[in-house]
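What you see is a predicted model; the values in this text were computed from it and never measured.
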Amino acid sequence: MSDNRAFNWDDVIQNDSSFVLLPEGTYPFTVKTFERGYHNGSDRMPACNKAVLTLEVDSGSLGAVELTENLFLHSRAEWKLCEFFTAIGQRKKGEALTMNWNAVTGARGMAEVGIREWKGKDGSLRKSNQIVHFLEPAANNAQPAPTAGFTAGQF
């Protein structure tokens, strides 16, 4: 349950930022939450439904890090939908699939995480993580360890 609320002037505060910028690399993830949303359209993507996923990424020594990923339900982003459902084991590469959103929460997979840079409204350079690719389970087994930040069996 989220404690999403406005504060009164004399409320007690204590929760610091938990932002962690992960190094680029391959990481295991678990889908923590899934919400249905709508994208109003932009220069790059027409208006369409979207899935808003909160992914818990296991970064090894940096701990669990939450990333938000939007999956657009549009033919322009069909490749990413296919990657996602393949990564979580609901689909095999090349197969047709009716997306089963009810089985997404709690699903696990591997993803390539990158760093996105942009200029903030104040002109300063900002960075955040983004999912570059969701990886096939067969490809995951071929990799003995993720490329950055995570080493299997180490705490």
Side-chain angles (χ1 to χ4, degrees), residues 1-5 13-40 42 44-45 47-118 120 125-155:
M1 183 173 167
S2 174
D3 187 23
N4 188 11
R5 65 186 178 91
I13 59 171
Q14 70 180 26
N15 294 319
D16 295 310
S17 170
S18 59
F19 177 77
V20 174
L21 184 66
L22 296 175
E24 292 181 331
T26 303
Y27 298 91
F29 70 87
T30 302
V31 180
K32 193 170 178 182
T33 63
F34 154 67
E35 295 178 28
R36 295 173 191 268
Y38 190 77
H39 175 67
N40 290 321
S42 66
R44 296 186 337 190
M45 182 66 64
C48 60
N49 290 319
K50 70 177 179 178
V52 181
L53 305 176
T54 302
L55 306 176
E56 185 175 271
V57 176
D58 183 353
S59 67
S61 62
L62 296 175
V65 175
E66 284 188 7
L67 298 181
T68 300
E69 182 69 18
N70 292 317
L71 295 178
F72 298 100
L73 279 69
H74 192 278
S75 58
R76 287 188 181 176
E78 185 175 5
W79 65 272
K80 196 152 193 177
L81 291 165
C82 287
E83 277 188 356
F84 173 71
F85 281 100
T86 301
I88 64 171
Q90 283 195 31
R91 174 185 181 273
K92 290 187 179 167
K93 188 172 178 125
E95 290 184 350
L97 170 81
T98 299
M99 298 175 286
N100 183 359
W101 295 103
N102 292 328
V104 165
T105 302
R108 297 173 181 265
M110 294 289 286
E112 180 185 337
V113 175
I115 296 175
R116 177 179 166 255
E117 295 183 355
W118 76 96
L125 182 65
R126 309 232 182 215
K127 295 181 181 183
S128 65
N129 288 118
Q130 67 181 15
I131 301 297
V132 177
H133 290 287
F134 291 102
L135 305 175
E136 289 182 66
N140 300 339
N141 295 336
Q143 297 175 3
T147 58
F150 173 82
T151 304
Q154 293 200 359
F155 300 93

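Annotation: side chain of Tyr27 is not in contact with side chain of Leu62 (no heavy-atom distance under 4.5 Å). Ile115 places a side-chain heavy atom less than 4.5 Å from the side chain of Asn129. Side chains of Val113 and Thr26 form no contact here, defined as non-hydrogen atoms less than 4.5 Å apart. Inter-residue side-chain proximity for Val31 and Leu55 is flagged as met; some heavy-atom pair is nearer than 4.5 Å.
Every pair passing salt bridge (charged side-chain N to carboxylate O under 4.0 Å, His left out) that includes a residue from residues 77-87 is listed here, sequence neighbours excluded: Glu69-Lys80. Sorted by first and then second residue, the salt bridge (charged side-chain N to carboxylate O under 4.0 Å, His left out) pairs involving residues 98-112 (not counting sequence neighbours) form an empty list.
Nearest heavy-atom pair, Pro137 versus Ala87, reported as atom, atom and distance to 0.1 Å: CG-O, 3.9 Å. The two atoms that bring Glu24 and Gly114 nearest to each other are CG-CA, 3.8 Å, heavy atoms only. Residues Met45 and Ala77 share a closest heavy-atom pair of CE-CB, 4.0 Å. Scanning all heavy atoms of the two residues, the minimum distance from Cys48 to His74 falls at SG-CB, 3.9 Å. Listed here is the closest heavy atom pair of Leu22 and Ser59: CD2-CB, 3.3 Å.
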Side-chain donor-acceptor pairs under 3.5 Å in residues 99-106, sequence neighbours left out?
residue	atom	partner	partner atom	Å
Asn100	OD1	Asn102	N	3.3

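Crowding of Glu35 atom CD: a count of heavy atoms from other residues, nucleotides or ligands under 6.0 Å not exceeding 12.
Note: Phe84 and Phe29 have parallel aromatic rings, judged against thresholds of 30 and 60 degrees for the angle between ring planes.
The main-chain N or O of Arg44 is found under 3.5 Å from a side-chain atom of Arg76 such that the two form a donor-acceptor pair.
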